[in-house]
Novice: 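One structure follows; several queries about it will come next.
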Amino acid sequence: MMEDSVVGLYLHIPFCAKKCPYCDFYSLPYRRSHMADYTAAVCRNLAALPKALTADSIYLGGGTPSLLPFDALQQILDTIRSHCSVEHAEITLEANPCTMTDDALQHWLHSGINRLSVGIQSFCDDELKQLGRNHTAEQSRQAILRAANIGFSNLSVDLMLGTPLQTAASLSESIATALSLPITHLSAYMLKIEDGTPFAENPPEIADSDTAAERYHQLRSAMLAAGFHHYEISNFAKPGFESRHNLKYWECKPYIGIGPGAHSCYGGKRYYAPRSLEQFCSSYHQPIVIDDTEPCSDGERLMLGLRLQKGICLQDYPHCSSILLRNAKPLQPRFVTIQDDTLSLTSDGWLVSNSVLGYLLNGILP
Amino acid sequence: MANETIRNFCIIAHIDHGKSTLADRILEKTQAVAVRDMEEQLLDNMDIERERGITIKARAVTLNYTAQDGKTYLFNLIDTPGHVDFNYEVSRSLAACEGAILIVDASQGIEAQTLANTYLAIEADLELLPVINKIDLPSAEPERVAQEVESIIGIPAMDAPRVSAKRGTNIEDVLERIVTDIPAPKGDESAPLQALIFDSFYDSYKGVIIYIRVKEGTVRVGDRIRLMATGAEFTVVEAGVMSATDHINQGSLCAGEVGYLTASIKSIGDTRVGDTITLADHPCDSPLPGYRKVSPMVFSGIYPADGAHYNDLRDALEKLQLNDAALTFEPETSIALGFGFRCGFLGLLHMEIIQERLEREYNLDLVTTAPSVIYRVTLTSGEVLMIDNPSNYPNPANIADAEEPMVKADILAPSEYVGSIMELCQERRGVFKDMQYIDENRVNLHYTLPLNEIIYDFFDALKSRTRGYASLDYELAGYASSKLVKLDFLLNGDIVDALSFIVHTDKAYTRARKIAEKLKENIPRQLFEVPIQAAIGGKVIARETVKALRKDVLAKCYGGDITRKKKLLEKQKEGKKRMRQLGTVEVPSDAFMAVLKFDE
């Protein structure tokens, strides 16, 4: 394992004003009274970070990180700066449109946040309502405009595909609205019913796989036409605005997560902090559970690397390139393309990438 | 041993009429089993027998009963199988007795199975002792049923014991009647030995344990015996009787007695049911009548769901065969399923039991192919082939005549169902022979049917169309010429040999369509579209398509998802072990089974 001196920092902020019925991230109802303990615990853990670390990306995810009181946010960012080198870091805050007031946006910009990831999900009110979102389409639109106005030049939005009420026309409307706004990045996820969520208990009728696939292609065409790269299965960006933080996941680079439910890949291990705010706050250093002691194997790097449009370079896999070439044969050209030394998945291949990887990594994954 | 105090008898009953329960009560009353050892249906050893309420193999037990006359009698109760697949074993069990208790359900009356076995008992010259059971049921009509027994079978039944085996009512009455009505065995202890094998099973310590009825002479420990059909000779190690839970070696068995022998016999194939045992030094002139070799009628390919378990499957079949001479198997290879075995069974129930035992007792996951009968094909060259595997079916151009095995079937049912039974038999290419009214409400229908029409699901269909009231019995009735074709299924253009079967021309189209649909339901969508075709020769008669998979993706993959994603891929790989890779198509093992089930 190479020296992990440059890392991504992930801070999990497990508070929401209201839990969305599809979400399975760890989060609790927001309480002002939790903040002091929580912030102190985060700072204790930050202070314990290895020396001489450079964080070229800081990501505040949740939960709803935009609910963090300004002083708490400031304290956390200051602590990071005092322990790591963060020059030119991409600093992302996940934000709910309702929280994006002029005042908040000013504070965030001032504290050094230079990228916002806004949970939009849809620009149609009936869909938002069904997804249990606490904002309207117009509120989202205004929030983005305000952010741009105040000076945020790197704005990402999330959309959801295959939701119960979504039609080709309503998606088209959502995309058009998104593209009319000054955004640089868009993530689109197909709604998946996760265990333990209210949707799992009371499942809505979600789009069948054929419909979801059509929506995916619809979005892709529109985004490509608008000059975005489809740089990862679920992510589009204007050139140069790919999420630095998320790329770390797909490129098997080190990241350190702090906060209950946050995952890390650092020092040759994948591990996570248990999903318990109480345990997190009461421990001097967050407890961790190791769930992989041999990360970044060839198979794992391929599995993740093939999520990216740029694909993988066969030269980087001297031990398995011949297997890959053989396995790829029947999958070309519809699902897999090979050009020069680069193997990548097509967008059709991405859509069925679980199956494609099953074939492709046969004999490579243990 | 004075023969006058021996009574050898069996129990004849339809499934569910209470044979095993009555046997249990008799065991209890004669205190062969301490009450604390009592298990429901003690004679039925296997779990499957208990669960299905049927007796698969005959068992025997020796009991002491002190009768009202003050004498102690030795009862040998021989339990008989209750299913048509095991008819031959029934007839051998009967041949070991002088009498039979005929149990009739007080509300349901006589069933086809009872009647068939009763005729076997009459042929074997047994004294019949009718017993009317389940008198505790509100729907019981013992008088009517007694009348039915008299009119159908022609034996006096008005004084037949009325019992409830379940509640233990009037069991003493049955025991007394065994003493008074069933004759004592005859036979000369000093005559040359003639002993009938009516059952045998393999014991890993003692070798094969043979259950015999000594008809003439005496057999002792140390005697050199000869099994007349196979010619094999052995030296007797143990000779004795069976208590309900144990074997008691008493050193000898003589004319009139029922008991067991061991002689360090390694293979159950040497101890065929129906064979006669005699002494090698002092043999009898001729064997007892009625012996025939039991041969399988239904064949099916059995494969391990995971090819790596081939050797486990072979070991398991070998072990089962130790106890079941009627089970045959030989290795076969299928392009679709890999290495497996072609297995022969007495009938469909026998097949199901074997499959179930392989899965349960040996913990194997199996894929079985459609059951087939043995077809007789005469080639244009004059050569005659017996085909038990559709893969070996010759090119139609070379076939001069194709014949299929037929059966004579007796179906007993309430007369209101005659219409739907006739319809069913018609659909199954049956030829109506005649119909008898047993009484004003019940009929006995006689049909000739092709065996291949009844091996799949005929019995189930019959039951469902008659709300469970009809009963079926059949026996082989030779071969008849038939318009047969081999139906093949192709996935992505390649024939899947394990799915081929032989079918009558008139049935081919419907079956082809149904199975193509079933395959479509059972083959998951995959990266490429999968065309399914059913074909006779080169001609496609039905087609379906499994559409290509459109979406199978983990859309979100961030820090916490990576381990999960890796596990998913590993699980997916594990799942593939249960898939058969046919060219580019992956077929779940279950799909092969699903197409065998024709729910209508």
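Side chains included, hydrogens not; waters and symmetry mates left out as well; all remaining heavy atoms used.
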Novice: Apply salt bridge (Lys or Arg N to Asp or Glu O under 4.0 Å) to R525(B) and D210(A), showing your working.
Specialist: CA-CA 11 Å; R525(B) 292 171 68 170; D210(A) 291 314; 2.7 Å; yes
Novice: Determine, for K556(B) against D158(A), whether the closest basic-nitrogen to carboxylate-oxygen distance falls under 4.0 angstrom.
Specialist: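 Salt bridge flag = no for D158(A) with K556(B).
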Novice: Verify the neighbour count for atom CD of E517(B): are there more than 12 heavy atoms of other residues, nucleotides or ligands below 6.0 Å?
Specialist: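 Above 12, so yes.
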Novice: Quick one: does L554(B)'s side chain get under 4.5 Å of K192(A)'s, heavy atoms only?
Specialist: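 Yes - at least one pair of side-chain heavy atoms lies under 4.5 Å apart.
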Novice: Please look at Y359(A) and chain B and tell me whether the side chain, the backbone, both or neither of the residue comes under 4.5 angstrom of a heavy atom of that chain.
Specialist: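 For Y359(A), the contact with chain B is made by backbone and side chain together.
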Novice: Using distance alone, with no hydrogens and no angle criterion, decide if D292(A) and T563(B) have a side-chain donor and acceptor under 3.5 Å apart.
Specialist: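 The answer is no; no qualifying pair exists.
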Novice: Below 6.0 angstrom between ring centroids: does that apply to Y255(A) and Y558(B)?
Specialist: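 Between Y558(B) and Y255(A), which both carry aromatic rings, the centre distance is not below 6.0 Å.
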Novice: To the nearest 0.5 Å, what is the distance between OG on S209(A) and CG on D552(B)?
Specialist: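 The OG atom of S209(A) sits 9.0 Å away from the CG atom of D552(B).
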Novice: How many angstroms lie between CG in L360(A) and CG in L569(B), if you round to the nearest 0.5 Å?
Specialist: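 It is 10.5 Å, given to the nearest 0.5 Å.
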Novice: Would you give the length of the straight line joining atom CG of L357(A) to atom NZ of K566(B), rounded to the nearest 0.5 angstrom?
Specialist: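 So the CG of L357(A) and the NZ of K566(B) are separated by 13.5 Å.
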Novice: Should we say atom CG of N395(B) is surrounded by more than 12 heavy atoms from elsewhere, each under 6.0 Å from it?
Specialist: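 Atom CG in N395(B) is packed in, count exceeds 12.
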Novice: Go through R550(B) and T211(A) one step at a time and tell me if the side chain to side chain contact (heavy atoms under 4.5 Å, CB included) criterion holds.
Specialist: CA-CA 9 Å; R550(B) 289 291 305 279; T211(A) 311; over 6 Å; no
Novice: Taking all non-hydrogen atoms of both residues, which atom of S234(A) and which atom of A555(B) are closest, and how far apart?
Specialist: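 Distance-wise, the nearest heavy atoms are OG-O, 2.6 Å.
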Novice: Say you draw a straight line from CG of L161(A) to NZ of K551(B); how long is it, rounded to the nearest 0.5 Å?
Specialist: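 L161(A) atom CG to K551(B) atom NZ measures 9.5 Å (nearest 0.5 Å).
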Novice: Does atom OH of Y189(A) have more than 12 heavy-atom neighbours from other groups under 6.0 Å away?
Specialist: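 Correct, the count exceeds 12.
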Novice: Counting only heavy atoms from other residues, nucleotides and ligands, does the tally under 6.0 Å from CZ of F528(B) exceed 12?
Specialist: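 More than 12 within 6.0 Å, yes.
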Novice: Would you mind checking which part of H217(A) comes under 4.5 Å of any heavy atom in chain B, side chain (CB onward), backbone (N, CA, C, O), both or neither?
Specialist: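 For H217(A), side-chain heavy atoms alone lie under 4.5 Å from chain B.
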Novice: Under 4.5 Å, counting heavy-atom pairs only, tell me which of M303(A), K248(A), R270(A), E300(A) racks up the most with chain B.
Specialist: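 Highest number of heavy-atom pairs under 4.5 Å: M303(A).
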Novice: Taking atom CG of N362(A) and atom CD of Q572(B), what is their separation to the nearest 0.5 Å?
Specialist: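 It comes to 10.5 Å.
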Novice: Would one find more than 12 heavy atoms of other residues, nucleotides or ligands at under 6.0 Å from atom CD of E318(B)?
Specialist: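 Counting other residues, nucleotides and ligands, CD of E318(B) exceeds 12 neighbours.
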Novice: Where does N235(A) contact chain B at under 4.5 Å (heavy atoms): side chain, backbone, both or neither?
Specialist: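 Only the side chain of N235(A) comes within 4.5 Å of chain B.
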Novice: Below 4.5 Å from any heavy atom of chain A, which atoms of K547(B) appear? Answer side chain, backbone, both or neither.
Specialist: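 Just the side chain, heavy atoms under 4.5 Å.
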Novice: Just by distance, do the side chain of S355(A) and the backbone of L527(B) share a donor-acceptor pair under 3.5 Å?
Specialist: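 No, the answer is negative, given that no donor and acceptor are paired below the 3.5 Å cut-off.
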Novice: Check whether any side-chain N or O of W350(A) sits under 3.5 Å from a backbone N or O of V553(B) as a donor-acceptor pair, and report yes or no.
Specialist: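 Answer holds: no.
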Novice: Report yes if the side chains of Q526(B) and V352(A) come closer than 4.5 Å at any heavy-atom pair, otherwise no.
Specialist: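 The answer is no, as the side chains (C-beta and beyond) never meet within the 4.5 Å cut-off.
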Novice: Side chain, backbone, both or neither: which part of Y10(A) has a non-hydrogen atom closer than 4.5 Å to chain B?
Specialist: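 Y10(A) has no heavy atom closer than 4.5 Å to chain B.
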Novice: With a 4.5 Å cut-off on heavy-atom pairs, point out which of M190(A), R307(A), R334(A), E232(A) contacts chain B the most.
Specialist: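 Of the options given, most contacts go to R307(A).
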